*Asks:* 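Supplied in structure tokens, the structure appears directly below.
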Amino acid sequence: MHNIFVKAIELIASHDPELISIVQITLKMCFSSSLAALLLGVPFGAFLALSRFPGRRAIIVLNRTLMSMPPVVCGLICYILFSGVGSLRALELLYTVTGMVIAQVILITPIVAANTETFLSGIVPDLRETTKGLGLGFSKTLGLTILESKYQIVSTYLVGFARSIAEVGAVSMVGGAIVYKTNVMTTAIMNYTSRGNFSKAMAIGIILMTMSLIVNIIVHLLSERVVDDR
Amino acid sequence: MKINNLKKTYDKKVILDIDELEFEEGKIYAIVGANGSGKSTLIRVMAGTVVTDDRRKVDFCGKTHAYMPQRNHAFKMSTEKNVLLGSKKDDAAKERAASLMKELKIDGLAKAGAHKLSGGETAKMALCRTVLSDAQILLLDEPTAAMDIESTLAAEEIIRRVNRESGATIIMITHSLSQARRLSDMLVFMKDGKVVESGETEKVLSTPEKTETKEFLEFFGSDK
């Protein structure tokens, strides 16, 4: 174990081209999917929190159900859609980073939407009563709502990013873990482990854990700030 | 300003049912009644934050109005910025804001984050904010409920002055009959979503006509 760990550190220090490629592809995928999920999930969550319409509660329950969708189920659906028998085969998304991003967006957006909906539902009633009482218009109210939620939005983005970087089921099915093309950190760990290359798997594990640690420290600090601001 | 046929139902229960209620311009009105009598629903319907069953809005005859809710939101910005939220941001408004905050002894918190204020301080900030909006009708839902007695008297003085100087009509909910007596010209007593009795404050409090009003005054007569 000690040897594996030392070799892993040496590999990281040696700037191994394959390792660098894996980290680059992972970051490209994670930034894209978490950003897309944020852009879709925040307005959707805000819409659920701010509006009242028949079926709203059913949509909230459905969204929460989608939050717990197993990644392999999402991977399976995307695989069928993108493969030769699927309706989206013409887009040639199978075994591409774009296809992996789409699968992750499906997984992460419900989490972002639910976080946004829960947070806004807590502040919006008093906020809206106050702004309406002062005669402030929709755009001013919207601006103030975004201002009130800024830390929460960044925190939600990072939660999405953390989910994205740790995900393996959907990306391995849709991406196929092709070296220098779609192999990300989680799929690479699986592949190296199955091949017995434990030091390389450990090197990626260390990088992955370090990145997760950084993201979680930021989320923690932001969460404290949100609590402190209340 | 006249209110006609205002009805609000929640879960098949009628919580507001007002046939007719008239507010004279430039007067201070106190709306009193037990919890659940429909006072807050009435003022929220007037403010437009709650819609009636027929989705009708109260006609203020072209006059501007501002509303201070029971639960005031303190935005994550300085107390001063919160106070100026519904008003102009010119020097005159800033001077008035500073003067109001000084009267209510929150001037020392002007640059502090308003979301960190206590309940009483938030109420003071919200009262300054509502007064500064320069609306011709002020709707205040228990504006001094969270304030200590000294601040309550200072807030009452501000309300009285706004009414006197700008001629604004003040419609406020209070649970304190002493406050209603000190501050208001007119009193509206509500029960079960209906207006039971309304008229000059002194008259209603000293010689109530309706049995429900008498019972309420007997029970809450010598209040806080």
Side-chain angles (χ1 to χ4, degrees), chain A residues 42 45-46 49-58 115-158 218-230, chain B residues 40-41 43-51 55 57 60 63-78 81-89 93 112-119 122-123 125-141 143 171-172:
Chain A
V42 169
L50 299 173
S51 57
R52 296 288 177 271
F53 57 90
R56 175 179 161 271
R57 284 183 186 176
N115 273 0
T116 308
E117 189 267 321
T118 306
F119 174 72
L120 287 181
S121 294
I123 65 160
V124 158
D126 289 353
L127 187 150
R128 195 156 53 177
E129 187 116 334
T130 300
T131 54
K132 201 155 189 182
L134 290 169
L136 305 180
F138 177 78
S139 56
K140 183 91 179 171
T141 301
L142 185 69
L144 285 166
T145 308
I146 292 169
L147 202 69
E148 292 291 285
S149 322
K150 58 182 186 287
Y151 299 127
Q152 193 67 28
I153 290 172
V154 177
S155 172
T156 298
Y157 170 76
L158 291 171
I218 299 170
V219 170
H220 179 72
L221 292 174
L222 284 170
S223 307
E224 277 191 340
R225 185 120 197 209
V226 169
V227 172
D228 192 37
D229 278 349
R230 281 187 181 160
Chain B
S40 286
T41 307
I43 213 162
R44 290 176 75 200
V45 164
M46 292 174 79
T49 62
V50 163
V51 288
R55 307 189 75 79
K57 285 186 176 173
F60 287 102
K63 297 202 179 303
T64 55
H65 67 277
Y67 160 58
M68 175 184 167
Q70 225 175 84
R71 289 157 55 114
N72 294 285
H73 189 84
F75 292 92
K76 289 173 191 166
M77 51 178 85
S78 72
K81 279 186 180 168
N82 263 277
V83 167
L84 289 164
L85 208 57
S87 61
K88 292 170 189 165
K89 311 285 183 287
H115 50 284
K116 290 180 182 171
L117 299 179
S118 71
T122 303
M125 175 272 290
L127 181 64
C128 296
R129 185 161 69 185
T130 313
V131 165
L132 266 180
S133 67
D134 282 334
Q136 291 153 307
I137 298 167
L138 296 186
L139 307 165
L140 313 173
D141 194 348
I171 301 168
M172 61 177 280

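Numbers restart at 1 for each chain; the letters A, B, ... are given by sequence-line order, proteins then strands. None of the values given here were measured: they were computed from a predicted structure.
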*Asks:* Should we count CZ of A/Arg56 as having more than 12 external heavy atoms under 6.0 Å?
*Replies:* yes

*Asks:* In terms of heavy-atom pairs under 4.5 Å, which option from B/Gly48, B/Gly113, B/Ser87, B/Ser133 contacts chain A the most?
*Replies:* B/Gly48

*Asks:* Quick check on A/Arg52: does its CZ atom have over 12 non-hydrogen neighbours (other residues, nucleotides or ligands) under 6.0 Å away?
*Replies:* yes

*Asks:* Donor-acceptor pair, A/Lys132 side chain versus B/Ala47 backbone, under 3.5 Å?
*Replies:* no

*Asks:* Nearest 0.5 Å, what's the OH-OG1 distance between B/Tyr67 and A/Thr130?
*Replies:* 8.0 Å

*Asks:* Which answer fits B/Ala74, side chain, backbone, both or neither, if we ask what part of it has an atom under 4.5 Å from a heavy atom of chain A?
*Replies:* backbone

*Asks:* With a 4.5 angstrom heavy-atom cut-off, could you sort out which part of B/Leu132 is near chain A: side chain, backbone, both or neither?
*Replies:* neither

*Asks:* Between B/Leu85, B/Thr130, B/Asn72, which shows the greatest number of heavy-atom pairs under 4.5 Å with chain A?
*Replies:* B/Leu85

*Asks:* Answer with side chain, backbone, both or neither: which region of B/Met68 has an atom nearer than 4.5 Å to a non-hydrogen atom of chain A?
*Replies:* neither

*Asks:* Can you confirm whether more than 12 heavy atoms, excluding those of A/Phe53, are under 6.0 Å from its CZ atom?
*Replies:* yes

*Asks:* Is it the backbone or the side chain of B/Arg44 that comes under 4.5 Å from a heavy atom of chain A, or both, or neither?
*Replies:* side chain

*Asks:* To the nearest 0.5 Å, what is the distance between CD1 on A/Ile123 and NZ on B/Lys76?
*Replies:* 6.5 Å

*Asks:* Quick check on the interface: out of B/Gly86, B/Ala135, B/Pro69, B/Ala126, who has the most heavy-atom pairs with chain A under 4.5 Å?
*Replies:* B/Pro69

*Asks:* Can you check whether A/Leu144 reaches B/His73 side chain to side chain, under 4.5 Å on heavy atoms?
*Replies:* no

*Asks:* Does any backbone or side-chain atom of A/Leu136 lie under 4.5 Å from a heavy atom of chain B? Answer side chain, backbone, both or neither.
*Replies:* side chain

*Asks:* Would one find more than 12 heavy atoms of other residues, nucleotides or ligands at under 6.0 Å from atom NZ of B/Lys57?
*Replies:* no

*Asks:* Should B/Phe75 and A/Glu148 count as side-chain neighbours, where that means a heavy-atom distance under 4.5 Å?
*Replies:* yes

